[in-house]
Protein chains: 2
Amino acid sequence: MTTPILTKNQSLVFDVLTKAEAPLSAYTILDKLRDHGFRAPLQVYRALDKLLEYGVVHRLESINSFVACAHPDENCHSHGLVAFAICESCGQVIEFHDHEVDHRLMHWLKSHKFKAEKSTIEIRGHCASCAA
Amino acid sequence: MTTPILTKNQSLVFDVLTKAEAPLSAYTILDKLRDHGFRAPLQVYRALDKLLEYGVVHRLESINSFVACAHPDENCHSHGLVAFAICESCGQVIEFHDHEVDHRLMHWLKSHKFKAEKSTIEIRGHCASCAA
DNA sequence: TCAATTGCGTTATGCTATAACGTGTGCGAT
DNA sequence: ATCGCACACGTTATAGCATAACGCAATTGA
Ligand SMILES: [Zn+2]
Ligand SMILES: [Zn+2]
Ligand SMILES: [Zn+2]
Ligand SMILES: [Zn+2]
């Protein structure tokens, strides 16, 4: 699935997320885009919906925030789950994929005849720099 | 860690969750307890905070809801991660534990010197009954 | 040309969670 | 005993996250 040309609003939101060093909430994005004409939450949420659909942005459920995909080129998302390590000190997020984890989870789901559609794997704690 | 005696409010909230067949939002719990004197969200959230701390209730981040622990006796939570399969049709939640998944995730975290504190593993989709 | 789709802007509303204040109760230390 | 502290509780207000519902404009394809 190739990503369609982004609309103006989608590009603005995506740029903000790409330049951010930590995940952003929808309302934070809104504030950052007020100078570009954004006035209402829906403008952000609608853009985010599309970016999520295209797979270029991820939603972090445990902190109600959004982050640009760290692996936009390799389309790892089509053949595996995505996991995130979220530092509660500096806010940094590391996106990673582990085939073994995928495999085990898939195995459990299959053996329980559970048809998975969306997954959330998020670990919160402290990154190497902040753990000191 | 043994669970302390629950206070009145904590017991009420815990009972509601235990009898529920699906996860409940804090406000749904509030509504169910209005007849017992509950009037404000904080009464629910404060009870939930304690129940989460005691490990007898889990929070499902991806659906902003709470569920009673399915394995209150075995204290699996002390030595492993918890995962949830959430059916988007019937609302049913299956809580499970997989040591292999734990092990792989722990391995990744360790090799990246990431100090984990809380984890969220939630799979949303359709259960065996609803998948038909 | 007409209908269907998609994006957009705006207003209003709903759902989720916490801040900040004060009260009462139990319990150990002085 | 009474002081101080911790904790649960109640209430009001507010903050933060997300969507409903309306209407308009541009695009596309029959
Ligand atoms: Zn990604
Ligand atoms: Zn950090
Ligand atoms: Zn449990
Ligand atoms: Zn089901």
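Reminder, nothing fancy here: chain letters follow the sequence lines and each chain counts from 1. Every heavy atom of this structure was used, including side-chain atoms; hydrogens, water molecules and symmetry mates were not. Because the structure is a prediction, the values reported are computed rather than measured.
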Out of [options], whichever nucleotide has its closest atom nearest the side chain of [X]:
X: A/Pro41; options: D/dA8, C/dA20, D/dT19; answer: D/dT19
X: A/Leu42; options: D/dC9, D/dT11, C/dT11; answer: C/dT11
X: A/Tyr45; options: D/dA8, C/dG7, D/dC17; answer: D/dC17
X: A/Ala40; options: C/dA17, C/dT11, D/dC17; answer: C/dT11
X: B/Arg59; options: D/dA18, C/dA17, C/dC8; answer: C/dA17
X: A/Asn64; options: C/dT18, C/dA20, D/dC17; answer: D/dC17

Report the distance from atom [atom1] of [X] to atom [atom2] of [N], rounded to the nearest whole Å.
X: A/Leu30; N: D/dG16; atom1: CG; atom2: P; value: 13 Å
X: A/Leu33; N: C/dG9; atom1: CG; atom2: C1'; value: 15 Å
X: A/Ile29; N: D/dA18; atom1: CD1; atom2: P; value: 10 Å
X: B/Asn9; N: D/dC7; atom1: CG; atom2: P; value: 17 Å
X: B/Lys8; N: C/dG24; atom1: NZ; atom2: C1'; value: 15 Å
X: A/Arg46; N: C/dT11; atom1: CZ; atom2: C1'; value: 12 Å
X: A/Leu24; N: D/dA18; atom1: CG; atom2: C1'; value: 17 Å
X: B/Leu48; N: C/dT18; atom1: CG; atom2: C1'; value: 14 Å

What is the ring orientation for B/Phe96 with A/Trp108, classed by angle as parallel under 30°, tilted 30 to 60°, or perpendicular over 60°?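 Answer is parallel, since the angle falls under 30°.
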
If we ignore angles and hydrogens, is there a donor and acceptor under 3.5 Å between the side chains of B/Glu88 and B/His126?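 Per modelled atom types, B/Glu88 and B/His126 side chains form no pair under 3.5 Å.
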
For [N], does either OP1 or OP2 sit under 4.0 Å from a side-chain N or O belonging to [X]?
X: A/Thr7; N: C/dC8; value: yes
X: A/Lys50; N: C/dG7; value: yes
X: A/Gln43; N: C/dC8; value: no

Quick check for you: to the nearest 0.5 Å, what is the distance between B/Arg124 atom CZ and A/Lys115 atom NZ?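 That separation rounds to 16.0 Å.
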
5' precedence on DNA chain C between A/Tyr27 and A/Phe38 (nearest-nucleotide basis):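 That would be A/Phe38.
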
Heavy-atom closest pair, residues B/Leu81 and B/Met106: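 Closest pair (atom of B/Leu81, atom of B/Met106, distance): CD2-CE, 3.8 Å.
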
Go through B/Arg34 and B/Asp31 one step at a time and tell me if the salt bridge (Lys or Arg N to Asp or Glu O under 4.0 Å) criterion holds. CA-CA 5 Å; B/Arg34 291 206 186 271; B/Asp31 285 338; 3.2 Å; yes

Contact class for B/Arg39 vs. all strands (heavy atom < 4.0 Å): base, sugar-phosphate, or nothing?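 The answer is sugar-phosphate, as B/Arg39 gets under 4.0 Å only of primed atoms, P, OP1 or OP2.
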
